[in-house]
Amino acid sequence: MLEHKDTNSPTMKEDKARGGSRQLLRRLRDIMATGEGAQERLDRLVKIIAQEMHADVCSLYVRRAGDVLELFATEGLKSESVHQTRLRIGEGIVGDIAAYARPFALADAQSHPHFAYRPETGEESFHSLMGVPILRGGRVMGVLVVQNREESEYSDETVELMETVGMVVAEVIAAGGVVRRREQAPVDGLALKPLRIDGVQLSSGLAMGRAVLHRPLVPIGKMVAEDEAHEQRRLDYALAAMHTKLDHMVKTVDDAGGGDHVDILKTYRMIAEDRGWIQRIRDAIGTGLTAEGAVVRVQNETRARMAKVQDNYLRERLLDLEDLAFRLLQHLQESNANGNGQSGPTQADLPKDMIVIARSMGPAELLDYDRERLRGVVLEEGSSTAHVAIVARALDIPIVGRVSRILSRIEPHDRIIVDGNNAVCFVRPGEEFRRVFATSMELHEQRLAAYARDRDLPSVTCDGANITLNMNAGLLIDMPHLHETGACGVGLYRTEVPFMVRSEYPDVKVQADLYARVYEQAEGKPVVFRTLDIGGDKVLPYFQDQAEENPAMGWRAIRVALDRPAMLRQQLRAMIHAANGQPLAIMFPMISDVQELLNAKKALNKELDRAKDRGLSLPSDLSVGIMFEVPSLAFQMDAMLPHVDFISIGSNDLLQFFFASDRGNPRLDKRYEALSPAFLSLIRLIADKCREKGVSLSVCGEIAGDPLHAMALIGVGIRQLSMSPRSIGPVRSMVRTLDAKALEAFLAVNLDSPAHSLRSLLIAFAKDHKIFL
Ligand code: PEP
Ligand code: MG
């Protein structure tokens, strides 16, 4: 099997490799079919692998508790070393294979700086080495190695075959009897202790319940096929069943009102047709695997690719493929179950208070869970723009993401608390802690109920200042919150969000329909449409440009729009069509100088002329505004203000540019404060200028939704705030207990302070004045 310099044609080479692969897999299948004990089977496995791969050595290392790899079986090394030779993960080449979960092939292993020589094995006479991780469900269960006396180059086909063999061996190990089951599962000796693990907030809210492992690892059973044609047919049936089920899901969501939900699912459904992916599974069946074995093989490849991919969009596509692989496996296993009368666990077997734990999850999978039972989700992966996070936020399901190694630290049915507000989860919390948390959950619920009751109360301070509370939105599924919260309108509609969840660029009609639906759902309340703010961390899948050194300060937002005028004009045209004679408010993002605004307005005027020429109804009232996100604007206020109807301060970006502090860098998180005298002074300067010139001003960054920050903003002259829907209630309660004049006077004397932050002063002020924070 080893490919040494071969002059055969590539097809002959492939055929030969396939033939060899089938023969080896068949022999392994025969071993698995015997009733022998685990050790005997492993001994025979390594012998056959060595023979079939023309290797002088084949050794199998199994991962044991404490992150140790133990030599369990060998053909070719000294037999005394079995169960004696142990390496830590990351120690030696074998340890590296486990640590990086990827194959290594070296013609001269001994000269490699990581080679760890173990005299008891007698491996000094073998020069070349190739090893692969033994993977199951993304977890490394061991390492399989072949060695040769001579310096040999291992071909890609040989490495791939070893990976396939590694999968078969993984099933032998998982089937039991090799190491205690407890050693294979959770790790770190932490398994039963209570744990607190931090993550990132993907969807806020609180939940407590029992852990359900998403896609528990079901033993695959048969990995090696008896009849290739039969396996290809089984794959066809399973693919068809999966496609039908996804179609049904798309239709159900569509019938229930649709919106962007459907687009997300449709993209997912399209990926399920990915020809390259399906062909790779077919090819893997061609090497002698069952349909299940082939899906797992391709899934392992996907994971390996994912580990190398940095690009967010590509990672999400790969995650989608991983999700689909699990779906496909389920369908294949259902077809087995139908054949033998068995079936897996159903939703009815799941706890009534589920917290689903997963490495990653697709939006369709989230919708698969019974909404009545699903309380929260914890993910090892995930970003706030991932589809699952967008859907969860709309459905009010708390999610904490990027929780390191949660799957290996939790057992099914363990108790777990998900605190989406503080991006933390507590595994196996003690009884006392649960009681305390249950009380805060209850209070939280009561508060939410109170906010809902108070939604029609005026947002006026006790000294009579009217504070307009608007809501930020980005998807149609956000719109019902407008009425539930009693927000005055949408202060920031992020138009890029619907663009980000689509698989292709929406044309004018699609955009116009979308904005028309926003109007419809706003039921007459005002909406500010922000033109595309792409670039930075907001990547459009179909709009790839070169990677940038510093994307936050790169080619983004209005800079892209002015360089791609057709794109900007199409969006403006869609907005004019959608307004259809109603008032229209348009806001341009990331304006850095007056000329940029004037150029953007020129594009708008051309579109208005075009609409007039075509006899379309023009907006009954047109207001044009800008996002204040770049500090340079502070020095152009007099030149800028005559050209705008309103300004909205995008404090997320403004803060990062003001303090030169990356908003996405966790090491700088909270280092600089919006409550600093410097930043509050800047806001006051903008507010004073706008008041003087009669230009409407609001703040729409994250700080607008935090009661303490919102209070400080009012104290420096802000009268309009736009925030995420769930912040409206808490901010309204704060406003109604605030004396704005007293706070303004208090801040006026403190803005010159050399303090890093006025936070503690403001908290003390709130306490003294009984302000509801
Ligand atoms: C901001 O920068 O504050 C803002 C609202 O824009 P985004 O968060 O979408 O960049
Ligand atoms: Mg911004």
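Note that the structure is predicted; figures quoted are calculated from it, not measured. Start at 1 and go down the list; that is how both ligands and their atoms are numbered.
Taking a cutoff of 4.0 Å between a charged side-chain nitrogen and a carboxylate oxygen, Glu520 and Lys525 do not qualify as a salt bridge. Contact check on Arg569 versus Glu607 returns a salt bridge, with a Lys/Arg side-chain nitrogen under 4.0 Å from an Asp/Glu carboxylate oxygen. Taking the charged nitrogens against the carboxylate oxygens, Asp396 and Arg726 do have a contact shorter than 4.0 Å, which makes a salt bridge.
The only member of Arg530, Gln511, Gln571 that meets side chain to side chain donor-acceptor pair (under 3.5 Å) when paired with Thr495 is Gln571.
Distances from the Mg ion (ligand 2) to each N, O or S atom of Glu629 single out OE2 as the nearest. Considering just the N/O/S atoms of Asp653, the one nearest the Mg ion (ligand 2) carries the name OD2.
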Identify all N/O pairs between ligand 1 and the protein with a separation under 3.5 Å and present them as a table of atom names and distances.
residue, atom, partner, partner atom, Å
ligand 1, 2 (O), Glu629, OE2, 3.1
ligand 1, 2 (O), Asp653, N, 3.0
ligand 1, 2 (O), Asp653, OD2, 3.1
ligand 1, 3 (O), Gly650, O, 3.3
ligand 1, 3 (O), Ser651, N, 3.1
ligand 1, 3 (O), Asn652, N, 2.8
ligand 1, 3 (O), Asn652, ND2, 3.3
ligand 1, 6 (O), Arg530, NH1, 3.0
ligand 1, 8 (O), Arg494, NH2, 2.9
ligand 1, 8 (O), Asn652, ND2, 2.9
ligand 1, 8 (O), Arg663, NH2, 3.0
ligand 1, 9 (O), Arg494, NE, 2.8
ligand 1, 9 (O), Arg494, NH2, 3.3
ligand 1, 9 (O), Arg530, NH1, 3.4
ligand 1, 9 (O), Arg530, NH2, 2.8
ligand 1, 9 (O), Lys538, NZ, 2.8
ligand 1, 10 (O), Asp653, OD2, 3.2
ligand 1, 10 (O), Arg663, NH1, 3.3

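Between Glu484 and Tyr451, the side chains place no donor N or O within less than 3.5 Å of an acceptor N or O (distance only, hydrogens not considered). Remark: the Asp653 side chain and the Gln656 side chain contain an N/O donor-acceptor pair separated by less than 3.5 Å.
The aromatic ring centres of Phe646 and Phe628 sit 6.0 Å or more apart.
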